[in-house]
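For clarity, every value in this text was computed on a predicted model and none was experimentally measured. The residues of the chain are indexed from 1 along the displayed sequence. Because only heavy atoms are used, hydrogens play no part in the values below, and waters and symmetry mates are left out as well, while side chains stay in.
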Amino acid sequence: MIGTSLLLRPGIFPRCGLRFSSPSIVTRCFADASSEHFDVVVVGAGLSGVGCACRISTECADKSLLIIERRQTMGGTWDLFRYPGIRSDSDMTSFGFEFKPWFSDKILARGSDIHNYVLETADEFDIRKKVRLGLKMTQVNWSSTDQLWHLKALHEQSGEIKKITSNFVLNCTGYYNYDQGYRPRFKGEEVFKGDIIHPQHWPKDYEYSGKRIVVIGSGATAITIVPSMADKAQHITMLQRSPGYIISMPDVDYVAQFMAKLMGENWAYRITRRRNIWIQRTLYKACMRWPDFMRRLLLLHVKNQIGGKADMKHFTPRYNPWEERLCAAPDGDFFEKIREGKASIVTDHIDHFTETGIRLASGKDIAADVIITATGLNMQMMGGIELTVDNKPSPLNEKMCYKSVMIEDVPNFAWIFGYVNAPWTLKCDIASKYVSRLIKHMDANEFVSVTPIDNANNKVNSGLPDGLNFNPSYVQRAQHMLPKQGNSGPWKLEQNYEKDKEVLLDHPLEDEYLTFSKQKK
């Protein structure tokens with residue numbers, strides 16, 4: 001009954017009855033000899049999971065660490081998606097890890113470059129050897145008796161069940177279902193003679209030269225695919241029910257390049273990162289404070305970009321800026337293809353598919369050889385994992401989030417969920433720093449568990465996004481599965497980087513809502 005080593009304070013070693021006279025590295029004993037023990041388990045080996053693992057392994061170097069990944073490769077989103085033009089919609093200086101500077105000429109990095117960056121970071125911080133691939137979590141249960149998480153993971157290729165125990169679990173699985181994107185069914189699609197493709201399941205080496213292509217959707221994926229395929233296609237049409245906001249931004253940061261030559265890459269990176277975060281946050285705040293003015297400004301920007309080559313009705317959203325994410329077009333590539341006549345936009349509803357394309361509600365037809373359903377993601381919380389505490393379900397949609405990191409009434413668990421109004425990883429990084437602070441504080445005070453408990457009736461009858469003025473379709477479809485919003489203090493989610501950074505990194509760890517416990521005698 002041998003497990004992984006654990007640093008203990010003087011006293012009786014739980015479960016074994018052994019007594020130690022001084023702090024030492026000892027082996028943890030288990031009733032189940034088939035279990036392995038790790039101090040910290042990270043679920044997910046994508047950008048968030050690797051970033052959190054690097055933080056934990058650096059700041060809590062004495063802790064044993066395991067990263068569990070369901071897929072057969074690391075990289076998460078940046079390994080899964082392979083559609084033409086796949087890239088970040090956030091600048092990589094702020095989207096990348098603070099501890100691992102991103103040096104590249106490109107502001108919006110391509111998907112393959114981000115994937116390589118994740119792998120390079122894992123190797124640099126010696127994380128890859130701590131990753132176990134092909135494991136699907138099937139049980140995540142906290143035992144108050146053992147003061148441990150009991151995990152079961154299915155090795156999907158062999159069918160073998162792996163048993164693991166852990167003191168602390170971080171869930172870094174993102175927010176969408178990797179198995180299936182959102183794919184509404186359209187009337188008559190079975191009669192269409194061409195190919196129907198969802199970007200989440202892009203065929204390898206798919207050939208589309210000279211074909212007429214219709215992209216259904218108006219989000220970031222559609223804005224990326226259209227210019228990427230326009231040169232090879234006979235023509236490409238973006239078919240949308242309603243328009244979104246699109247911003248042209250430089251593809252190369254010449255100011256950062258100049259600073260790098262002047263003062264070196266590291267200093268240039270630090271300054272550029274702070275500048276870009278400030279620009280993003282200022283733009284968001286301006287859109288929230290002066291929505292009418294910012295709407296006019298953004299639409300004027302688009303009007304100048306299209307140069308009279310398209311009707312502005314296709315670029316005039318019904319909502320205010322940042323009620324849904326803004327879409328980025330590097331060097332205005334999307335607008336360029338519109339001006340060149342290689343791409344066009346149609347705003348209408350689909351009545352049905354035909355053998356040769358799509359019949360619109362207006363009665364018009366769009367001819368197509370290929371239809372790409374860029375219709376979005378299916379949200380999935382925590383990779384579909386269902387938490388239990390002492391074998392009793394702890395449904396996420398009935399709980400609040402504490403400091404937007406921990407889950408109400410769930411001990412020793414962090415849900416790493418990034419920003420929707422800023423680069424995702426900004427939140428992931430400060431959240432993992434917070435967890436590292438928490439673990440070290442617990443060690444210093446001989447605590448074995450910490451549980452957020454609402455003792456002031458903070459829960460309100462609304463979902464997490466309420467009050468954020470953020471309502472894209474995929475969030476609306478997932479309201480029933482999201483955590484509850486709180487009305488004050490650490491229970492209220494605000495998606496505010498400046499405030500979160502202060503709360504997570506500077507505020508005292510102990511407060512009226514966190515309950516710390518020591519090992520039961």
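- Panel note: side chain Asn378, backbone Gly181; a donor-acceptor pair is recorded below 3.5 Å.
- Between Tyr182 and His198, a ring centre-to-centre spacing not shorter than 6.0 Å is recorded.
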For Glu69 and Arg132: C-alpha separation, side-chain torsions, deciding distance, then whether salt bridge (Lys or Arg N to Asp or Glu O under 4.0 Å) applies. CA-CA 6 Å; Glu69 169 59 48; Arg132 294 195 188 170; over 6 Å; no

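- Between Ala256 and Ala268 the shortest heavy-atom distance is O-CB, 4.1 Å.
- Taking the ring centroids of Tyr117 and Trp102, they lie under the 6.0 Å cut-off.
- Under the side chain to side chain donor-acceptor pair (under 3.5 Å) criterion, Asn391 pairs with Asn141, sequence neighbours left out.
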Dump the intermediate steps for side-chain hydrogen bond (donor to acceptor under 3.5 Å, both in side chains) on Ser158 and His155, then the final yes or no. CA-CA 6 Å; Ser158 67; His155 188 262; 2.9 Å; yes

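- A salt bridge links Lys285 to Glu498: at least one charged side-chain nitrogen sits closer than 4.0 Å to a carboxylate oxygen.
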Take Lys427 and Ser404 through the side-chain hydrogen bond (donor to acceptor under 3.5 Å, both in side chains) test and state the conclusion after the steps. CA-CA 9 Å; Lys427 174 61 177 300; Ser404 64; 2.6 Å; yes

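- Classification of the Tyr176-Tyr178 ring pair by plane angle, with boundaries at 30° and 60°, yields parallel.
- Just one of Thr451, Asn412, Val435, Val450 meets the side chain to side chain contact (heavy atoms under 4.5 Å, CB included) condition when paired with Met406; it is Val450.
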Mind running side-chain hydrogen bond (donor to acceptor under 3.5 Å, both in side chains) on Thr165 and Glu36 for me, showing each step along the way? CA-CA 6 Å; Thr165 59; Glu36 293 182 274; over 6 Å; no

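- No hydrogens or angles considered: nothing links the side chains of Ser228 and Tyr83 as a donor-acceptor pair under 3.5 Å.
- Ile439 has its side chain within reach of Lys63: a pair of non-hydrogen atoms, C-beta onward, lies under 4.5 Å apart.
- Here the closest non-hydrogen pair linking Phe81 and Pro199 is CD2-O, 4.0 Å.
- Taking the charged nitrogens against the carboxylate oxygens, Asp89 and Arg325 do have a contact shorter than 4.0 Å, which makes a salt bridge.
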When you look at Ser48 and Trp424, which way does the side-chain hydrogen bond (donor to acceptor under 3.5 Å, both in side chains) test go after all the steps? CA-CA 8 Å; Ser48 304; Trp424 180 268; 2.9 Å; yes

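- When side chains are defined from C-beta on, Val43 does not count as touching Leu170, because their heavy atoms never get closer than 4.5 Å.
- The closest donor-acceptor contact from the side chain of Thr425 to the backbone of Cys428 lies at 3.5 Å or more, if one exists at all.
- Contact check for Val50 versus Met74: side-chain heavy atoms found under the 4.5 Å cut-off.
- A donor-acceptor pair under 3.5 Å is formed between the side chain of Gln147 and the backbone N or O of Ser144.
- For Arg477, there are no side chain to side chain donor-acceptor pair (under 3.5 Å) partners two or more places apart in sequence or in a different chain.
- A centroid separation of less than 6.0 Å is found between the aromatic rings of Tyr402 and Trp491.
- In this structure, the side chain of Gln200 engages the main chain of Asn177 through a donor-acceptor pair within 3.5 Å.
- With sequence neighbours left out, Asp500 forms a side chain to side chain donor-acceptor pair (under 3.5 Å) with Tyr419.
- The side-chain heavy atoms of Met92 and Ile107, taken from C-beta on, include no pair separated by under 4.5 Å.
- Under a 4.0 Å N-O distance rule, the pair Asp506/Arg437 does not qualify as a salt bridge.
- Between Arg87 and Trp78, the closest side-chain pair of non-hydrogen atoms is not below 4.5 Å.
- Between the side chain of Arg281 and the backbone N or O of Ala422, no donor-acceptor pair lies under 3.5 Å.
- Checked against the 6.0 Å centroid threshold, Trp149 and Phe38 do not count as a close aromatic pair.
- Ser88 places no side-chain N or O within 3.5 Å of a backbone atom of Ala109 that could act as its donor or acceptor partner.
- Contact of the Ile453 side chain with the Tyr513 side chain is not registered, since no non-hydrogen atoms from C-beta on lie closer than 4.5 Å.
- Of the charged side-chain nitrogens involved, none lies within less than 4.0 Å of a carboxylate oxygen, so that Lys484 and Glu408 do not count as a salt-bridged pair.
- Considering every non-hydrogen atom in both Val420 and Gln495, the closest pair reads N-OE1, 2.6 Å.
- Looking only at distances, no side-chain donor or acceptor of Ser394 sits under 3.5 Å from a matching main-chain atom of Thr388.
- The cationic atom of Arg270 (NZ for Lys, CZ for Arg) lies less than 6.0 Å from the six-membered ring centre of Trp267 and within 45° of the ring axis.
- The pair Asp429-Arg55 meets the salt-bridge criterion, since a charged nitrogen lies less than 4.0 angstrom from a carboxylate oxygen.
- Leu65 and Ala53 get closest at one heavy-atom pair: CD2-O, 3.7 Å.
- Glu98 and Arg274 are not joined by a salt bridge, as no carboxylate oxygen comes within less than 4.0 angstrom of a charged side-chain nitrogen.
- Under the side chain to side chain contact (heavy atoms under 4.5 Å, CB included) test applied with His37, the options Ile164, Leu148, Leu66 reduce to a single match, Leu148.
- Inter-residue side-chain proximity for Cys54 and Ile127 is flagged as met; some heavy-atom pair is nearer than 4.5 Å.
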Go through Gln139 and Leu151 one step at a time and tell me if the side chain to side chain contact (heavy atoms under 4.5 Å, CB included) criterion holds. CA-CA 5 Å; Gln139 176 183 297; Leu151 314 176; over 6 Å; no

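- Here the closest heavy-atom approach between residue Ala45 and residue Ile67 is recorded as CB-CG2, 3.9 Å.
- Two residues are said to be in side-chain contact when any heavy atoms from C-beta on lie closer than 4.5 Å; Thr58 and Phe125 meet this criterion.
- Side-chain N/O atoms of Gln280 and Asp91 include a donor and acceptor closer than 3.5 Å.
- Asp39 and Ser64 share a donor-acceptor pair across their side chains, judged by distance under 3.5 Å alone.
- Salt bridge present: Lys100 and Glu124 bring a charged side-chain N and a carboxylate O closer than 4.0 Å.
- Salt bridge annotation for Arg110-Asp251: present, with a cationic side-chain nitrogen under 4.0 angstrom from a carboxylate oxygen.
- A salt bridge is defined here as a Lys NZ or Arg NE, NH1 or NH2 lying under 4.0 Å from an Asp or Glu carboxylate O, and Lys499 with Glu494 meets this definition.
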